[in-house]
There are 2 protein chains.
Amino acid sequence: MPTIKDVARRAGVSVATVSYVLNNTGTVSEATRQRVLKAVEELGYRPSVIARGLQARESRMIGYSWQPMPPDQFNPILEKFIHSMAEAAARHGYHVLAYPCRTPANEVDVYREMVESDRVDGFILTNTNLDDPRVRYLLDVGFPFVAFGRSNPDWDFPWVDVDGADGVRQAVNHLLELGHRRIACLAWPKDSLTGQYRLQGYREAMADAGLEVDPAWVIRTENYYRHAYRATQRWLTLPPDRRPTAVIALTDLMAIGVMNAAADAGLRIGPDLAVVGFDDAPITGYLRPPLTSLRQPIAEVGERVVTMLIDLVQGQRPDPAQVLLKPRLIIRDSTRLSACTQYVTRNT
Amino acid sequence: MPTIKDVARRAGVSVATVSYVLNNTGTVSEATRQRVLKAVEELGYRPSVIARGLQARESRMIGYSWQPMPPDQFNPILEKFIHSMAEAAARHGYHVLAYPCRTPANEVDVYREMVESDRVDGFILTNTNLDDPRVRYLLDVGFPFVAFGRSNPDWDFPWVDVDGADGVRQAVNHLLELGHRRIACLAWPKDSLTGQYRLQGYREAMADAGLEVDPAWVIRTENYYRHAYRATQRWLTLPPDRRPTAVIALTDLMAIGVMNAAADAGLRIGPDLAVVGFDDAPITGYLRPPLTSLRQPIAEVGERVVTMLIDLVQGQRPDPAQVLLKPRLIIRDSTRLSACTQYVTRNT
DNA sequence: GGCCGGGACTTAAACGTTTAAGCCCATTAT
DNA sequence: ATAATGGGCTTAAACGTTTAAGTCCCGGCC
């Protein structure tokens, strides 16, 4: 690999001049400028990002870590998210360093190590929660980061989030328009901030419609298929006048659990029980029936967190520092009252 | 951030001594050694990986790029793959640099840029194909890489692959044991090397069983749901004595297309038409019926490609340089002759 | 004609490490 | 007693850049 010295020698100038030409700084005559560029071209020279990094005390790397899903769950947004981040980063000469986050126990240690060894210039966090220790640590040491997701409202830090409350409100309103009144919500445990926001959207939309929420309609579970399945079975044992006619699940995976439980109980998804998911995983369109779901603008989130972070790294506070994007309700047959075909359980 | 100079000053020694202590090289007395370690501890010093990289002419970074899926397809293995690579890399002090591969057109350019700017010490390739230009380029410039997937058999380079032929053979044998004789294969276009291997496994297993393959049983399509759906419709129009009773699809996505088309035609999946997928996506277990599928040992592939690459980067040819791992057939209801419940289309 | 300004370049320090080479001194061998 | 050995440390070069400071020379101004 040729270095800047080789270029300088071949062009008959000093390395400084070469550097000035390459960075468009300093004052260089057009003649030498051309000679230098010619030498660069002939040698196929490219500056070493490591040497540059040492000099500038920056790595032009963005760290991103996530927690792996359990084998029976799926992460429908990871691929698109990483991809949009990497694209946006590349446009500014940055790259994404992806690293796993083993156990949550030593989570902060992993961040600390990256910070102290100068591996990255900043971080993207996802899956933040209330009083997130990673956010706290990075705020304390003053290291640049942007979060996909909110945390403690009293902490001032840059984030981008998808307005889950708005999304669920859209879903409720859609179901209301279809005539549903007994709408259930399959929510997450109380310690999930994202779950809180989404559930809040549900309660607000119901209240706005003047509907009282039967406590039995809200069930909180971890994000597992089998929990959703069982929760649905519980709903179906309610007396007919309290039994939900529609369910909003906070995950496509849970929505699938709802659909399967209902189908197994002989209900037609759509006419007998409307189901809405969240995330619009690629699979949703191929389910029977296709699942109505809330699509998050993941590509835009990835793009924005990265450009905000690069602002931050380069010393300017991103503006705006907090961004709330709206999800979009993708309507499919799982919330149609009269689908022309239905897919139900049949005993053989 | 404290540097090695700060440590040296505080310990009252030269920077060289500090370096010797930290790297366990040179000869240092136990007394100074302790003093240095104490200073390191007190200052919270950690060596800069950038400076180390400049000195050692290495970045301790592994580049990995992949092509984003179209929005209506999904990549069931990406998350697990990146995760296992990053884990294995971290164990050796390496990190994974993830970057998107925009259009295949300038694909090699992206690799070239990373190579020439010293960004990474080596690459992991996936989705390699016959005469893959990336493989060719990296071989030509002599840059370290390991591929997940094979390419031109005449090219000698390190790879790890999953034995698709063996997987499909397992699937065929499983179907044969169930009594199936007319087994179809929903394959990929001819230019896909992975598709070739898998299809070859199908032909071999059928030949071993003494069964002739009706040309109509093999349909090649791109990896899209709708193509699988249409292919299945074509099979179902065959006369009863030529109509397949089982289908092996090279992707879970295509298997879903097969299942839905068959269900829409009034067939019971399992008894009337057995279906096998490939990849064992997390969703497969929740489909109705749950889909029999071939699970690739992705975590092991990720782990092996990385350790092989690190061997290579450190100057030793990995041994073995080519690894072929076997997939495992996960048997579910989509290949059971007498499932107790069945999920079919019903007109309302 | 001398001085000043500034354009065009070079010199050299700096970034934070590693490591070959050198130095000093105590110990051992001759 | 002197030379050789080697342990324990320091010095300094090197990695490939950037950039502040310095040098040189030419043209314009008084």
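Reminder, nothing fancy here: chain letters follow the sequence lines and each chain counts from 1. Note that these values count all heavy atoms, side chains included, but never hydrogens, waters or copies made by symmetry.
- Nearest to the side chain of V28(A), among dC9(D), dT11(C), dC9(C), sits dC9(C).
- The aromatic rings of F123(B) and F143(B) lie tilted to each other, with the angle between the two planes from 30° to 60°.
- L22(B) has its CG atom 14 Å from the C1' atom of dT19(C), to the nearest Å.
- When distances run from any side-chain atom of S48(B) to the nucleotides dT18(D), dT17(C), dC9(C), the shortest one goes to dT17(C).
- Residue Q55(A) places its side chain closer to dT18(D) than to any other of dT18(D), dT18(C), dT10(D).
- Distances from the side chain of Y45(B) to the nucleotides dC9(D), dA14(C), dT17(C) place dT17(C) closest.
- Considering only side-chain atoms of T17(A), the nucleotide from dC15(D), dC9(C), dG16(C) that sits closest is dC9(C).
- Closest to the I4(B) side chain, of the nucleotides dT18(D), dA8(C), dT18(C), is dT18(C).
- Residue contacts shown for T3(A) are limited to sugar-phosphate atoms, with no base heavy atom under 4.0 Å away.
- Rounding to whole angstrom units, CD of residue E116(A) and P of dG16(C) are separated by 15 Å.
- Atom CE in M1(B) sits about 11 Å away from atom P in dT17(C), given to the nearest Å.
- Remark: S29(A) is in phosphate contact with dC9(C), judged by side-chain N or O atoms under 4.0 Å from OP1 or OP2.
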- [ ] Take Y94(B) and M61(B), measure what side-chain contact (heavy atoms from CB on, under 4.5 Å) needs, and give me the verdict at the end.
- [x] CA-CA 6 Å; Y94(B) 281 76; M61(B) 282 270 159; over 6 Å; no
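- Residue contacts shown for T32(B) are limited to sugar-phosphate atoms, with no base heavy atom under 4.0 Å away.
- For the pair R9(B) CZ and dT17(C) P, the computed distance is 13 Å after rounding to whole Å.
- Across the protein-nucleic acid pair, R52(B) atom CZ and dT18(C) atom C1' stand 9 Å apart, rounded to whole Å.
- Distance from the side chain of A16(B) is smallest to dT10(D) among dT10(D), dT10(C), dG16(D).
- Note on ring orientation: taking the six-membered ring where Trp is involved, the planes of F81(A) and F148(A) are tilted (angle from 30° to 60°).
- Counting any heavy atom pair closer than 4.0 Å across all strands shown, R33(A) reaches no nucleic acid atom.
- Nearest to the side chain of L54(A), among dC15(C), dT18(D), dT17(C), sits dC15(C).
- Residue S14(A) places at least one side-chain N or O under 4.0 Å from the OP1 or OP2 atom of dT10(C).
- Side-chain contact between L97(A) and Y64(A) is absent, with no heavy atoms from C-beta onward closer than 4.5 Å.
- The side chain of Y20(B) approaches dT10(D) more closely than any other nucleotide in the set dG8(D), dC15(C), dT10(D).
- Taking atom CZ on R119(A) and atom C1' on dG16(C), their separation rounds to 15 Å, with Å as the unit.
- Residue contacts shown for D118(A) are absent, as no nucleic acid heavy atom lies under 4.0 Å away.
- As rounded to whole Å, 7 Å separates atom P of dC9(C) from atom CZ of R35(A).
- OP1 or OP2 of dC15(D) has at least one side-chain nitrogen or oxygen of K5(A) nearer than 4.0 Å.
- Taking only side-chain nitrogens and oxygens, S19(B) comes nearer than 4.0 Å to OP1 or OP2 of dT18(C).
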